[in-house]
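Reviewing the structure listed below.
Quick note: numbers below take in every heavy atom, side chains included, and nothing from hydrogens, waters or symmetry partners.
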Amino acid sequence: MNGSRLVATGHYQPAKILTNEDLAAMVDTSDEWISKRVGIRTRHVAEPDESVADLAGHAAAKALAASGLAPSDIDLLLVATCTQTERAPNVASRVAARLGVPGGALMDVGVSCSGFTHAMALADHAIRAGSATNALIVGAEKMTAVTDWTDRTTCVLTGDGAGAAVVSAADEAGIGPVVWGSVPELGTAVRIEGTPTRFAQDGQTVYRWATTRLPEIARQACERGGVRPEELAAVVFHQANLRIIEPLAAKLGAVNAIVARDVVDSGNTSAASVPLALSKLLERGEVPSGAPMLLFGFGGNLSYAGMVVRCP
């Protein structure tokens, strides 16, 4: 085998929807302010008894069913999350038990908003090394559980959900080399910490970094994947904020690509945002089979990970 390929995706969002009008009744904000500043209209909110593992399990089950593989075929299961409250067993182990995956390597990946694309790179590397054949990768977050609902600068951003993908060994590589890294000296610009645990960020720091540094890194990911930006059929950035996504896409030069804008309906779901947006694009049939897509996660830790992936 010469590499790995994306086989199938799946996603899940809780039924409860919180609108901008709902938020305006809770804090000093408005639909106009939120729409103009971040581009979000709605976000999904998990019930108090709905865990990160529950969200992950629903999305993973859909991706596995779409792949045509059996649970026993999965020998690597990775869950990217930064909002799990259970430390042991980890979320990956809980998802494996739910789905009937009999064993293999079961690991959580804690790189916040770029966690899913980090996990996809790790799965690709494991398959290339011969350590795995079929990997199930999930990004799942319950961001609303760490949201301060009195802070109008952050409570308008967050949502809950999960997205998943199955990646399998292939004779022809369908997942390009990853470009990944971080800026640890600026890592505290995005935080989930304290008692009670709360999400906070220095929005201007994140915005400047994302819009000035990341376009060149995204171009490097395209170059390593063997495509020019104008050849991309789709671009799926971390769904942080339309004011970040749209300048990034413009500066990248992906003039012919569908640019995922799921943040409008889902809010910022951290590690879940890339697979959630990707799964919706593919479910709608918006990307031709075999076409190149750029998946690019960035955010918490001021980390990033991006690669070109061929559509199943």
Side-chain angles (χ1 to χ4, degrees), residues 37-40 80 82 109-122 124 139 141 157 163 175-192 199 201-264 266-278 281 292-309:
R37 294 294 295 270
V38 297
I40 298 170
C82 61
V109 179
V111 203
S112 303
C113 310
S114 63
F116 179 82
T117 44
H118 272 83
M120 179 165 280
L122 293 172
D124 175 58
E141 301 286 15
L157 299 174
I175 297 178
V178 67
V179 174
W180 56 8
S182 60
V183 188
E185 64 269 25
L186 297 178
T188 56
V190 181
R191 306 173 296 282
I192 299 178
F199 161 62
Q201 68 172 359
D202 301 328
Q204 285 303 310
T205 298
V206 176
Y207 177 82
R208 285 193 298 270
W209 170 73
T211 56
T212 60
R213 289 285 296 116
L214 296 186
E216 176 57 31
I217 296 169
R219 282 191 287 271
Q220 290 173 18
C222 292
E223 183 178 349
R224 295 206 69 192
V227 302
R228 299 188 303 274
E230 60 268 25
E231 295 175 315
L232 292 169
V235 175
V236 185
F237 291 118
H238 164 51
Q239 301 294 291
N241 181 329
L242 274 187
R243 291 179 64 215
I244 291 177
I245 293 168
E246 291 178 340
L248 261 178
K251 290 180 180 180
L252 172 62
V255 293
N256 299 309
I258 296 169
V259 178
R261 292 177 171 86
D262 186 53
V263 67
V264 174
S266 302
N268 183 337
T269 57
S270 190
S273 79
V274 168
L276 188 57
L278 173 65
L281 281 181
M293 308 176 292
L294 175 67
L295 308 186
F296 196 93
F298 62 88
N301 316 296
L302 290 207
S303 62
Y304 57 85
M307 71 282 288
V308 173
V309 175

**Message:** Please find the pair of heavy atoms, one from Ile244 and one from Ala210, that lie closest to each other, and give the distance.
**Reply:** CG2-CB, 3.8 Å
**Request:** With side-chain contact (heavy atoms from CB on, under 4.5 Å) as the test, would you mind laying out the steps for Val227 and Leu232 before giving the verdict?
**Result:** CA-CA 7 Å; Val227 302; Leu232 292 169; 3.9 Å; yes
**Request:** Kindly give the heavy-atom pair with the smallest separation between Val263 and Ile40, and that separation in Å.
**Result:** O-CG1, 3.5 Å
**Fill in**
Separation between SG (Cys82) and CD1 (Ile192), nearest 0.5 Å, reads 3.5 Å
**Message:** I'd like to know whether Val236 forms a side-chain contact (heavy atoms from CB on, under 4.5 Å) with Leu281, so could you lay out the CA-CA distance, the side-chain angles of the two residues, the decisive distance to 0.1 Å, and finally the verdict.
**Reply:** CA-CA 9 Å; Val236 185; Leu281 281 181; 3.8 Å; yes
**Message:** When you measure from the side chain of Gln239 to the backbone of Phe237, do you find a donor-acceptor pair of N or O atoms at a distance under 3.5 Å?
**Reply:** yes
**Item:** Pair Val274-Met120, side-chain contact (heavy atoms from CB on, under 4.5 Å): steps then yes or no
**Value:** CA-CA 11 Å; Val274 168; Met120 179 165 280; over 6 Å; no
**Message:** If you count every heavy atom of other residues, nucleotides or ligands that lies below 6.0 Å from Glu223 atom CD, does the total exceed 12?
**Reply:** no
**Asked** Where is the tightest heavy-atom contact between Ala260 and Ile245, given as atom of each residue plus distance?
**Response** O-CG2, 3.9 Å
**Request:** Would you give the length of the straight line joining atom NE2 of His238 to atom OG of Ser114, rounded to the nearest 0.5 angstrom?
**Result:** 9.0 Å
**Complete:** CG (Leu252) and CZ (Phe296) are apart, to the nearest 0.5 Å, by 9.0 Å
**Prompt:** What are the two closest heavy atoms between Gln201 and Arg191, and how far apart are they?
**Reply:** N-NH2, 4.1 Å
**Request:** Find the distance between CG (Leu157) and CZ (Phe199) and round it off to the nearest 0.5 Å.
**Result:** 5.5 Å
**Request:** Without swapping roles, check the side chain of Asn301 against the backbone of Gly187 for a donor-acceptor pair under 3.5 Å.
**Result:** no
**Criterion side-chain contact (heavy atoms from CB on, under 4.5 Å) on Lys251 and Thr211, from CA distance to verdict** = CA-CA 8 Å; Lys251 290 180 180 180; Thr211 56; 4.2 Å; yes
**Asked** Hey, what do you get for CG (Asp202) to OG1 (Thr188), rounding to the nearest 0.5 Å?
**Response** 6.5 Å
**Prompt:** Minimum heavy-atom separation for Leu276 to Thr269, with atom names?
**Reply:** CD2-OG1, 4.0 Å
**Item:** Heavy-atom check, side chain of Leu248 versus side chain of Phe298, under 4.5 Å
**Value:** yes
**Fill in**
d(Trp180 CH2, Met307 CE) to nearest 0.5 Å is 8.0 Å
**Request:** State, to 0.1 Å, how close Thr117 and Ala305 come at their nearest heavy-atom pair, and which atoms those are.
**Result:** OG1-O, 3.0 Å
